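Structure record follows, encoded as C-alpha cells.
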There are 2 protein chains.
Amino acid sequence: MSESPVSPEPPIYRRIADGLRTSILSGELRDGDRLPGENALMAQHGIARATARQALAVLINEGLAVPKRGSGVYVRRFKPIRRHGSRRVAHSQWGNGRAIWDADAHGRAYTVDSVKISRGQADEETARTLGCTDVWIRQRRYSVDGRPVQLATSFFPADLVEGSPITRPDTGPGGVYARLGDLGHAPARFSEEVRARMPLPEEATALDLPAGTPVILISRIAFTAAGTPVEVNKMVLDAAGYVLQYDFDA
Amino acid sequence: MSESPVSPEPPIYRRIADGLRTSILSGELRDGDRLPGENALMAQHGIARATARQALAVLINEGLAVPKRGSGVYVRRFKPIRRHGSRRVAHSQWGNGRAIWDADAHGRAYTVDSVKISRGQADEETARTLGCTDVWIRQRRYSVDGRPVQLATSFFPADLVEGSPITRPDTGPGGVYARLGDLGHAPARFSEEVRARMPLPEEATALDLPAGTPVILISRIAFTAAGTPVEVNKMVLDAAGYVLQYDFDA
DNA sequence: CAGTGGTCTAGACCACTGC
DNA sequence: CAGTGGTCTAGACCACTGG
C-alpha cells in the first residue's frame, strides 16, 4: 500500500505555466506586463532553456501571453468589439445611407483595405446556397484602431448584380445592401452560421494573429422577402477582438 | 542586385508542417489517418527529434491533428452539432414538455451528467444583470455520442425560484423554462453573447479537449415579457463540436 | 517488447530589441 | 552590445500502446 498518488505531479513546465497563469488571471500581472523570460525561468527553477520555452509556450498557445522578439513575453490584453447580430443588419442602418459596419465600431476608428472584386466561380457550398456558380466576389479586410480584425468575402449571383455598382469598388451610400434594394432584391431575412477554430496560416497572417488566438467564422446568407438568397458572406474574425450579440424572442 | 529574398525561407519545422497541412486539407490524408511520426520525420528530413516534434506541434495546435500516446499522431475529424439560436428556444419547444436540448441533438444520443445545484453568490457581472447577488446555481455537463461537448451554469434569482423544482435536480417536463412559466415568469426574450478563446486547463479537462481546440462561450440572458431578467446561463462549448445558427429579419 | 509520443538536459547560432 | 526570443542539434529516460 503506501502511496496513493492519484494525480502524479504534473511536469515542471506545466507547474511553471500554471503559476504564471494564476498570476495573470488573478490580476497580479496585468495587461502589458512582462513575464519572466526564458533566462529568468531557467535561473529561478534550475531548468534547461527548452523547458522554460515549453512553459511559456503553454501560455502563448492559450492566448494569455504574446512573445515579442528580442524583448520579452507579455501579458495580453482583450478589448473586444461588440457586434450586434440582429440589430446591426436592421433596415434602419443601411436604409438611410449608412454602411453596416457603423453598427459595430461604436465610434472607434476603422478602415477597409485590400478590397478585391472579381467575377468567378463559387465554391460548391456557396453555389448550392445561391443556386448558381457564376458569382461576383467582393473581398475586403476591416481594421479597427489600426488593427486588422476581420476578413470578409461576399458572393453575389452574377446575373443578378451584373452591371450594378456592386461590381465596382465604391458601392455608394448604404453599401451593397442598399444597392441590392435598388435592384429590387432588398435583403429581408438573414441566417448566420457561427463556428470557431484555430486559424490557418494565411488567416493568421492576414489578421496578424498571435499564436493562441482562434478565429470566429460567420457564414451569413441574405434572403429577399420572397426567400431568394442574394448574398453569401463568409467572415473570419479575430476571436480576441469580438463579442457577438444576438437578441431574439421565445 | 543579386538576391531579392523578400521572403527568407521559412524554418524547417514550418515547411514540414505546411506540407502535412496541405495533405490534410487537400483530403489526401483523411479523418483518422496516421501522420508520419517523429521518427519518420527525423529520417525523411534528416532532422533532430525536437524539430520533428515542433512540426507536429504546429498541426496539433491548429487542431488539425491529435497525438495519441504510444501510438501516433492522427488527423482529426470534425462533425459538429447544429445549435439553432432562435428556433431552439422557441416557445413551442419547452411549451409542450420537451427540454430545450432536444432541439440540438437531432436524434443523436445525448446525456447530462455532473449536475450540481447550489445556492450561493453570483459573480459581479451576473449579479449586475440579475439585479441580485443571491442566486440558485445549476451546473451540468452535456455529452453527445458519449463525448462531452458542453458545460453550462445557470443562475436564477434566489427569491424568485426559492422552493420551486428549479432548486432540485429533476425539474420535470419542459425543464427550467417551463417551471419559470409556472411561477409566472415565463421567458419571452433572450439575449446571447458569443465569444471564443482557448480553454482554461479546467475547461479542457472537463470537456476532454485535445490541444488546438478553442471553446465557444455563450452567455445567455432570459427576460420575461415585462423585461425582467430571470436567468443567466453561461455555456462553454467544444468549438469543434458545434455550429451555431441564428436567423433574424432585417 | 518494439515503437510511439512526453519530458528534459546542455549545448549552439541567429535575428531582433532596446539601451 | 548585451539580452531576448527563434530555431536546431544530439543525446537521454519515461509511460504508454500495440501486436
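Not measured: the values here are computed from a predicted model. Quick note on labels: first sequence line is chain A, next is B, and so on, each numbered from 1. The figures that follow rest on heavy atoms only: side chains count, while hydrogens, waters and symmetry mates do not.
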To the nearest Å, how far apart are A/Ile60 CD1 and D/dG6 P? 6 Å
From the options D/dG5, D/dT7, D/dA10, select the nucleotide whose nearest atom is closest to the side chain of B/Ala48. D/dA10
Salt bridge or not between B/Arg30 and B/Asp33? Use side-chain N to carboxylate O under 4.0 Å. no
Could you state the atom-to-atom distance from CG of A/Leu41 to C1' of D/dG3 in whole Å? 15 Å
A/Arg49 CZ to C/dA12 P, in whole Å, measures 12 Å
For a salt bridge (Lys or Arg N to Asp or Glu O under 4.0 Å) check, start with the C-alpha distance between B/Glu203 and B/Arg197, then their side-chain angles and the critical distance, and finish with the verdict. CA-CA 11 Å; B/Glu203 294 166 340; B/Arg197 61 161 166 74; 2.9 Å; yes
Taking only N and O in the side chain of A/Arg53, is any of them less than 4.0 Å away from OP1 or OP2 of D/dG5? no
B/His45 vs B/Ile16 side-chain heavy atoms within contact, under 4.5 Å: yes
Under 3.5 Å on both distances, the Watson-Crick or G-U partner of D/dC14: C/dG5
Below 3.5 Å between N/O atoms, which protein atoms pair up with nucleotides 16-19 of chain D? Just atom names and distances, please.
from, atom 1, to, atom 2, distance (Å)
D/dT17, O4', B/Arg69, O, 3.4
D/dT17, O4', B/Gly70, O, 3.4

Begin from the C-alpha positions of A/Asp31 and A/Arg76 and carry the test salt bridge (Lys or Arg N to Asp or Glu O under 4.0 Å) through to its verdict. CA-CA 6 Å; A/Asp31 248 7; A/Arg76 189 142 166 254; over 6 Å; no
Do A/Arg53 and A/Tyr13 come within less than 4.5 Å of each other through their side chains, counting heavy atoms only? no
B/Asn39 vs C/dG3: side-chain N/O to OP1/OP2 distance below 4.0 Å: no
Just the rounded figure in Å: distance from P of D/dG5 to CD of B/Gln54. 16 Å
Could you say whether B/Leu56 or B/Ala50 is positioned toward the 5' end of DNA chain C, judged by the nucleotide with the nearest heavy atom to each? B/Leu56
Measuring only between side-chain heavy atoms, which start at C-beta, is A/Arg82 closer than 4.5 Å to B/Glu193? yes
Rounded off to whole Å, could you give me the CD1-to-P distance for the B/Ile47 and D/dG11 pair? 15 Å
What nucleic acid atoms does B/Arg34 come within less than 4.0 Å of, heavy atoms only: base, sugar-phosphate, or nothing? sugar-phosphate
Picking from C/dG5, D/dG5, C/dC8, which would you name as closest to the side chain of B/Val73? C/dG5
Test item: B/Met235 and B/Arg220 side chains (from C-beta on) under 4.5 Å apart, heavy atoms: yes
In whole angstroms, the gap separating C1' of C/dG5 from CG of B/Leu35 amounts to 13 Å
When you measure from the side-chain N and O atoms of B/Thr51 to the phosphate of D/dT7, is any distance below 4.0 Å, counting only OP1 and OP2? no
Below the 4.0 Å mark, does C/dT7 have OP1 or OP2 next to a side-chain nitrogen or oxygen of A/Tyr13? yes
Check the distance between D/dG6's C1' and B/Arg15's CZ and give it to me in whole angstrom. 15 Å
Which whole-number value in Å describes the distance from A/Met42 CE to D/dT4 P? 11 Å
